[in-house]
There are 2 protein chains.
Amino acid sequence: MPDRLTSPTDLADPGCRPEDHGARREPVDVSGEALERASRIFRALGEPSRLRLLAFLTRGEACVSEVAEAEGDEISTVSQRLRVLRNEGLVSRRRQGKHIVYGLADQHVVDLIFNALEHASEPRNAAPREKTKGVTAYASHNSHR
Amino acid sequence: MPDRLTSPTDLADPGCRPEDHGARREPVDVSGEALERASRIFRALGEPSRLRLLAFLTRGEACVSEVAEAEGDEISTVSQRLRVLRNEGLVSRRRQGKHIVYGLADQHVVDLIFNALEHASEPRNAAPREKTKGVTAYASHNSHR
DNA sequence: GTTTCATTTGAACAGCTGTGCAAGTGAATG
DNA sequence: CATTCACTTGCACAGCTGTTCAAATGAAAC
């Protein structure tokens with residue numbers, strides 16, 4: 001089981017190869033290590049409640065009980081959510097008196113959220129289109145370099 | 001259950017409020033609609049196999065059997081993965097002869113992947129630190145506006 | 001040192017999710 | 001129109017995930 005196709009003729013020849021389809025792009029690091037971590041990050045962001053929590057923290061730092069009160073959730077539930085987010089390095093933690101104050105870890109997190117929110121706001125991305133005519137291109141608000 | 005805290009004094013007073021913690025940021029749209037969709041997108045990206053598939057498509061379009069061969073997976077498995085990704089508008093689909101050719105939907109997807117990959121590459125984000133001294137800030141490579 | 005209080009953790013439950021086989025679909029090809 | 005071939009879908013299984021209660025932790029306040 002090849003992890004990556006070595007040569008074009010090495011396939012069970014499905015009849016098409018990357019070269020046949022145009023739309024060349026610069027390759028992504030698929031080293032597995034970073035990709036694994038990235039997927040864990042995405043998974044953490046992929047729960048509505050957790051994403052809402054992060055969106056809440058966009059407004060500023062907050063302690064656990066404050067979030068629980070604001071979102072109408074159990075404190076332990078919020079704590080668990082924050083634990084997941086913290087395991088992926090998405091939120092920071094800091095003690096302030098009796099409270100523990102959480103905040104977004106860094107600008108990357110903010111970018112991630114906004115980027116997805118933008119994508120989600122695009123009307124074309126709402127439902128699965130049967131016929132997508134071609135690769136539609138946005139003006140790139142946001143470049144990774 | 002308040003979806004959003006209405007007034008500072010409306011809380012069961014956890015003893016701290018957003019104003020108490022500094023680190024103000026501009027708020028995110030928490031309308032629920034876009035956020036729900038964004039979380040679905042993240043969830044789709046949050047499976048290593050699916051993310052690897054997208055990373056593969058970064059190199060160019062490909063048909064199902066080609067991906068299956070390259071990744072060493074069952075064709076039906078790959079098809080299912082692509083279905084999930086397509087449901088979230090992350091990949092495009094196009095028929096070419098007998099094959100159906102998939103590709104990344106748009107630049108947003110590329111940005112999303114690279115952004116997460118960058119975040120994942122940061123050494124600090126690898127493991128959960130017990131003591132995060134404060135909010136660590138990056139130079140912002142990437143701003144949403 | 002003891003108390004207090006915010007937060008965390010353990011454990012169990014229900015619900016969701018990915019995979020792979022086999023069967024179905026549908027477009028192209030003859 | 002029949003056949004072929006690429007892909008999709010139905011289904012069942014196993015494994016993972018979020019929520020919650022109750023109990024534990026641990027830093028601060030006294």
Side-chain angles (χ1 to χ4, degrees), chain A residues 1 11-17 20-21 36 39-53 61-88 91-103 128 130-131, chain B residues 1 11-17 20-21 39-40 42-54 61-88 91-102 128-132:
Chain A
M1 48 160 180
L11 293 166
D13 194 28
C16 59
R17 291 162 301 166
D20 299 336
H21 305 306
E36 198 81 21
S39 71
R40 293 232 310 273
I41 290 173
F42 281 135
R43 181 153 24 120
L45 294 166
E47 216 74 17
S49 51
R50 281 195 295 256
L51 189 56
R52 203 180 321 128
L53 174 37
E61 297 181 298
C63 64
V64 180
S65 48
E66 178 182 15
V67 174
E69 178 67 23
E71 302 273 1
D73 288 309
E74 293 293 323
I75 289 181
S76 65
T77 303
V78 172
S79 182
Q80 298 271 35
R81 287 176 189 158
L82 286 166
R83 190 172 65 86
V84 172
L85 293 172
R86 203 162 69 90
N87 279 341
E88 304 311 325
V91 297
S92 63
R93 191 162 83 147
R94 162 170 71 84
R95 177 170 280 272
Q96 187 174 83
K98 282 191 178 180
H99 295 84
I100 293 181
V101 177
Y102 283 86
E130 177 55 25
K131 297 217 167 190
Chain B
M1 50 158 181
L11 296 165
D13 194 29
C16 60
R17 293 161 302 166
D20 298 339
H21 303 306
S39 70
R40 293 234 309 274
F42 281 134
R43 181 150 29 118
L45 294 167
E47 216 74 18
S49 51
R50 281 195 294 257
L51 189 56
R52 203 178 323 129
L53 176 36
L54 284 177
E61 297 181 297
C63 64
V64 181
S65 47
E66 179 182 17
V67 174
E69 177 67 23
E71 301 274 0
D73 288 309
E74 292 293 322
I75 291 182
S76 67
T77 302
V78 173
S79 182
Q80 298 271 36
R81 286 177 190 158
L82 286 166
R83 189 172 66 85
V84 173
L85 294 173
R86 203 162 70 89
N87 279 341
E88 304 311 326
V91 297
S92 62
R93 191 162 81 147
R94 163 171 72 84
R95 177 170 279 270
Q96 187 175 83
K98 282 189 176 181
H99 295 84
I100 293 182
V101 177
Y102 283 85
R129 247 57 159 185
E130 178 54 24
K131 298 218 165 190
T132 306

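Below, chains carry the letters A, B, ... as their sequence lines are ordered, and counting in each starts from 1. For the numbers below, each heavy atom of this structure counts, side chains included, while hydrogens, waters and symmetry mates do not.
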Task: Any B:R43 side-chain nitrogen or oxygen under 4.0 Å from OP1 or OP2 of D:dG18 - done: no
TODO: Specify the separation, in whole Å, of atom CG of A:L82 and atom C1' of C:dT9.
DONE: 14 Å
Task: Options C:dG20, C:dT7, C:dT9, nucleotide nearest the side-chain atoms of A:V64 - done: C:dT7
TODO: Check whether any side-chain nitrogen or oxygen of A:Y102 sits under 4.0 Å from OP1 or OP2 of C:dT8, and answer yes or no.
DONE: yes
Open item on the list: Output the rounded distance in Å from CD (B:E71) to C1' (C:dT19).
Closed with: 15 Å
TODO: Could you pull out the closest heavy-atom pair between A:L45 and A:L51, with the gap in Å?
DONE: O-CB, 3.7 Å
Task: Most 5' of A:V78 and A:K98 on DNA chain C, judged by nearest nucleotide - done: A:K98
TODO: Give the C-alpha distance, both sets of side-chain angles, the deciding distance and a yes or no for salt bridge (charged side-chain N to carboxylate O under 4.0 Å, His left out) between B:R81 and B:E47.
DONE: CA-CA 9 Å; B:R81 286 177 190 158; B:E47 216 74 18; over 6 Å; no
Task: B:E47 CD to C:dT19 P, straight-line distance once rounded to whole Å - done: 6 Å
TODO: Locate the shortest heavy-atom distance separating B:A44 from B:V84; write the atom from each residue and the value.
DONE: CB-CG1, 4.1 Å
Task: OP1 or OP2 of C:dA6 under 4.0 Å from side-chain N/O of A:R95 - done: no
Task: Gap between atoms CD and P, on A:E88 and D:dG18 respectively (whole Å) - done: 11 Å
Task: Which nucleotide in C:dA6, D:dT9, D:dT20 has an atom nearest any side-chain atom of A:S76 - done: D:dT20
Open item on the list: Nearest whole Å is fine: how far is C:dT17 C1' from B:L45 CG?
Closed with: 16 Å
Task: Side-chain-base donor-acceptor pair under 3.5 Å for A:Q80 and D:dT20 - done: yes
Task: Minimum-distance nucleotide (side-chain atoms of A:S79 versus D:dA27, C:dT7, D:dT19) - done: C:dT7
Task: Contact under 4.0 Å: B:R50 side-chain N or O vs C:dG18 OP1/OP2 - done: yes
Task: d(CZ, B:R83; C1', C:dT17) in whole Å - done: 11 Å
- [ ] Measure from CG on A:D73 to C1' on C:dT7 and round the result to the nearest Å.
- [x] 16 Å
TODO: Please name the pair of heavy atoms, one in A:V101 and one in A:E61, separated by the smallest distance, quoted to 0.1 Å.
DONE: CG1-CB, 3.4 Å
Task: Nearest-angstrom distance from the residue atom CD1 of B:I75 to C1' of D:dT9 - done: 14 Å
Task: Side-chain N or O of A:T77 closer than 4.0 Å to phosphate OP1/OP2 of D:dT19 - done: no
- [ ] Remember a base hit wins even if backbone is also touched, and classify B:I100 as base, sugar-phosphate or nothing at under 4.0 Å, heavy atoms.
- [x] sugar-phosphate
TODO: Please determine, for the side chain of B:E74, which listed nucleotide (D:dC7, C:dC21, C:dA6) has the closest atom?
DONE: C:dC21
Task: A:L85 backbone acceptor or donor facing A:R83 side chain under 3.5 Å - done: no
